[in-house]
Amino acid sequence: MRIERDDLRIERQSDGTTITPASLGLPSTPSWSINARTLRGGRRDGVELIRVDNGALAFDIVATRGMGLWRGQFQGAPVGWTSPVGDGPVHPAHVNLAGLGGFGWLDGFDELLARCGLEHNGPPGQDGPFAHGLHGRIQNIPAHQVSIEVSEAPPHELVVTGQVDEARLFGPRLRMMTRYSTTPGSNRLVVRDEFVNLGDRPTPLVILYHWNLGPPYLEAGARVVAAAETVVPQTTRAAEGIGHYDTFGSPEPGFAEQVYLYTLKGAGPEGRTAVMLRNASGDKAFVLWFATSQLPCFTLWKNTMGPNEGYVTGLEPATNYPNPKDFERRQGRFVELAPGASHVAELTLELLGSADAVAAVEEEIQGLQSGNGPEVHPNPCEPFAPA
Amino acid sequence: MRIERDDLRIERQSDGTTITPASLGLPSTPSWSINARTLRGGRRDGVELIRVDNGALAFDIVATRGMGLWRGQFQGAPVGWTSPVGDGPVHPAHVNLAGLGGFGWLDGFDELLARCGLEHNGPPGQDGPFAHGLHGRIQNIPAHQVSIEVSEAPPHELVVTGQVDEARLFGPRLRMMTRYSTTPGSNRLVVRDEFVNLGDRPTPLVILYHWNLGPPYLEAGARVVAAAETVVPQTTRAAEGIGHYDTFGSPEPGFAEQVYLYTLKGAGPEGRTAVMLRNASGDKAFVLWFATSQLPCFTLWKNTMGPNEGYVTGLEPATNYPNPKDFERRQGRFVELAPGASHVAELTLELLGSADAVAAVEEEIQGLQSGNGPEVHPNPCEPFAPA
Amino acid sequence: MRIERDDLRIERQSDGTTITPASLGLPSTPSWSINARTLRGGRRDGVELIRVDNGALAFDIVATRGMGLWRGQFQGAPVGWTSPVGDGPVHPAHVNLAGLGGFGWLDGFDELLARCGLEHNGPPGQDGPFAHGLHGRIQNIPAHQVSIEVSEAPPHELVVTGQVDEARLFGPRLRMMTRYSTTPGSNRLVVRDEFVNLGDRPTPLVILYHWNLGPPYLEAGARVVAAAETVVPQTTRAAEGIGHYDTFGSPEPGFAEQVYLYTLKGAGPEGRTAVMLRNASGDKAFVLWFATSQLPCFTLWKNTMGPNEGYVTGLEPATNYPNPKDFERRQGRFVELAPGASHVAELTLELLGSADAVAAVEEEIQGLQSGNGPEVHPNPCEPFAPA
């Protein structure tokens, strides 16, 4: 016989603050809520989390981890993946970006959306006197000026904003101003980032949106649908799978990752395009809408390892490809921001829950493809990747 | 004349939560208490500490430092050592494992029990693309799911449990489930760890229990008593002292550490054995009971530096020896955990406060030794240490 | 239309504790206050800040950042500089001293006074098995035993003290005991540090006071006034500007820093001296008083970059020059502290707001100079800098 009491537990978790239609005197249909709280205990101690539930779609914004998106739910099913990290979201104090030989970023990697940048993304490396770890720093810098706003007028837009500064003496002075917005009952989430050069000199900027998905969107037979102009394997390992680069297998313990580098076709002067991950039966899909004028490079990360070690795929719209920094610089893929200038990237996440909806978006993407299949390179080649 | 007021101080320290027999409606003899609190100020800011005092033996569990044991007291005397760190226990946010050229672990090292593992222990080094700092990471990962339990039935076992995850993408996914237990009035503390491979592939595991003691157990003339089969100096420096490897001198500023690698004899199929550190007069001892089937390697760390820089010895039951990782791998000393499998290590700490008690345990250990003295190697040799 | 409410914001900031003459029953003229609070949100989350406002001069002590001075105000104008860091003071948990190839210290560098030491200052480098990052560790170690004291007797001295330990096994065991003091209405702040060797062996100590100033003290035509015996450029880049080493230009984006190494003349056996930064018109100045017996080396850091990337100069009294550690060791510039011994450094910061006051101090410094201009070396030379 034992006494076990909740009040003997050390990890005390405040419920935080919850905003609802009722608390603002707004109509209660469709129902929605926003909760802001500070997590306690373990590696998450001190993490500020904001959960927005619009009634259909819910998502967790991690203010302390660079305004990343931790996990989502759509109609009750998870949107995201199961990371081996386990007890995240991990406070940046427990992520040593210089650790593990420059791979310390992996210690905190468990998110639906992890941003990679702003001074660097891609593999660890040296750049003059400065060393950079895997995928840069922005995901492990806490946001400030975090706020929540709700529109009084219909459709009562739900907005969370925050600023993340990647800035130091002798380095860049970049600010990311992030705005997440959705409306009650919607299947869409708009992510809008404005990257401002607050410094006095032109400054290079890189940003890669590392969207990560597991089941139910990823499964054996799942497929990536995109209006691709070119597809290039990043490595010889990726070249092994070039014949079926856009489809996925079952979880396979020890699967070695395969990465494909795309250019995409888009509509209009902005190159508006979409990339979709649809499940095998085609009745569920995760779609990203964005503009190739803002994010000209797209990377597909296939990492179908075992279910407990990271069965996941990454859809990664970006300014560049995740290659060594020197290589990317030589290809001219850095955004050069003049003093005071901004680069804006806006992505709309859309979740589809019916065969009809999936077919409609697939048709729209096929329209962008306009008959010509992509040029698929069998091997790594420049300017996409070191040959 | 000055005003000094406590309420002008910045470091506010909550008293936390205290559990006593009275608070649970249990018999008040022998008296005991458990206190859980979060420390404030300095390098310890935010550290969660749980103090268990069973009436005879008290010990501090540091949830935030991998469920380590900070300090103990037995019958009013300290159990532990005086580390130069000074104002610990140090929050992992202030321990940079990649710092100091891979020796950053030392910044937080002030404990009675520091665990070394789980992916690595021993000196810093490179292992493929990943770098490892001194003695690995587990001691600087905060525990989650920490709980305190008290048995309603006599003898009213006092239990503290917690989980520590050493897990990341492209790395191990190991969980340590730790359980500390004692009973009111007892001179014993049982430490039971279960290490689970939550991943999908076989994963190597290393664990070394770095028990560290200073006075009153360590002093000039103190002696380590163990049923040793083999004793090997780890380095030529250690070889210098092989003639008196099991006895200790006075504090000596600048003393260069000496490390001895043992195999031990044990009883029964599990190889149950004990290692004892007894003071010079033989009326006080610190004893560790464990099974060589779980922890086949034993390391003795002699570090009798000055009293203010670390006069300390380490008794270190482990799965392996603290050698470079490549060397240990080649010797086959990693525990290979299948997916879902566990390795359990259980140690019982026993404190002795009388000559009779010390003599009884010494006799028991001599019984395990069974007449044959250990094979003592004069120099480092394989498979114990690089020759 | 939007609802924006303060109570929807995540970054909640407690007002902390404020001490005033009224709260202590002291005379209310001149007015003063001391406020202690913990900052919330962004990279500053958890930082303990103590603001002392003596009625004329205000300054922020960052207990969590090694008792550094964040910002000051004198008669309403800022004392300090505008660092690109932006949202500091930065909690040490977000400063990775091993990051950026050893330049991670820059991530937190936004202060009026940043101390560099105690085991190392100067550029990153390797020292035996240990690596050191830029400017050492003391500024990123939280203080403990922080207290505030107010003298009951006139002139009601306002005092803040704290201890910072730079200590570990196999390393130094140094304690800095810091005391800031001022009096109501004064234009002076006294900084007194006592560095104690708590270890058992002689230990080298280095300390450099990195005082950093921008406008209104720094501007085109501003000048450093010092009783210099020798002035040496640290690098060939600094040699380019040796002809006008003591005057400043306008902000210049991309300006490459220039560093000058001084020896100073002082009065009396202690070598009491002053260094002044005066604005162009000579009606404002920032003065440091100190003793060359305590701080024999003075470094001038000219970093007149653009206004948004760090338009700043550093006045740096120190035990040594910020050269590679091996070089400084060979020059014998480390303070060798015997066990239990202390080194004291006391600096008085004085702010001047009138042409008369500036002229008076300038005259006093010229008196120390006593007619002989400094020996100005055109190029880097030993023993000041590697030639």
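Each chain gets a letter, A, B and so on, in the order its sequence line appears, and its residues count up from 1. Bear in mind that the values here come from a model prediction, so they are computed numbers and not experimental data.
In this structure, the portions of Pro307(B) lying under 4.5 Å from any heavy atom of chain C include both its backbone and its side chain. Looking at His156(C), neither its backbone nor its side chain comes within 4.5 Å of chain B, counting heavy atoms on both sides. Residue Asp127(C): no heavy atom, backbone or side chain, is found under 4.5 Å from chain B. Both the backbone and the side chain of Leu169(C) have a heavy atom closer than 4.5 Å to some heavy atom of chain B.
In this structure, Leu97(C) CG and Asn96(B) CG are separated by 6.5 Å, a value rounded to the nearest 0.5 Å. Expressed to the nearest 0.5 Å, how far CD1 of Ile141(C) lies from NE2 of His94(B) amounts to 9.5 Å.
A salt bridge does not link Arg173(C) with Glu309(B): every distance from a Lys NZ or Arg NE/NH1/NH2 to an Asp or Glu carboxylate oxygen is 4.0 Å or more.
Considering only heavy atoms from C-beta on, Pro84(B) stays 4.5 Å or farther from Arg168(C) through its side chain. Contact of the Arg44(B) side chain with the His144(C) side chain is not registered, since no non-hydrogen atoms from C-beta on lie closer than 4.5 Å.
For the ring-ring contact (aromatic ring centres under 6.0 Å, His included) test, no residue two or more places apart in sequence or in another chain qualifies with Tyr209(B).
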Solution key, residues 98-107 of chain B side-chain donor-acceptor pairs under 3.5 Å, sequence neighbours excluded:
from	atom 1	to	atom 2	distance (Å)
Asp107(B)	OD1	Arg137(C)	NH1	3.2
Asp107(B)	OD1	Arg137(C)	NH2	3.3
Asp107(B)	OD2	Arg137(C)	NH1	3.4
Asp107(B)	OD2	Arg137(C)	NH2	2.4

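A distance-only check finds a donor-acceptor pair linking the side chain of Asp200(C) to the backbone of Asn308(B) [under 3.5 Å].
In terms of non-hydrogen atom pairs under 4.5 Å with chain C, the most contact-rich of Asp87(B), Asn303(B), Val85(B) is Asp87(B).
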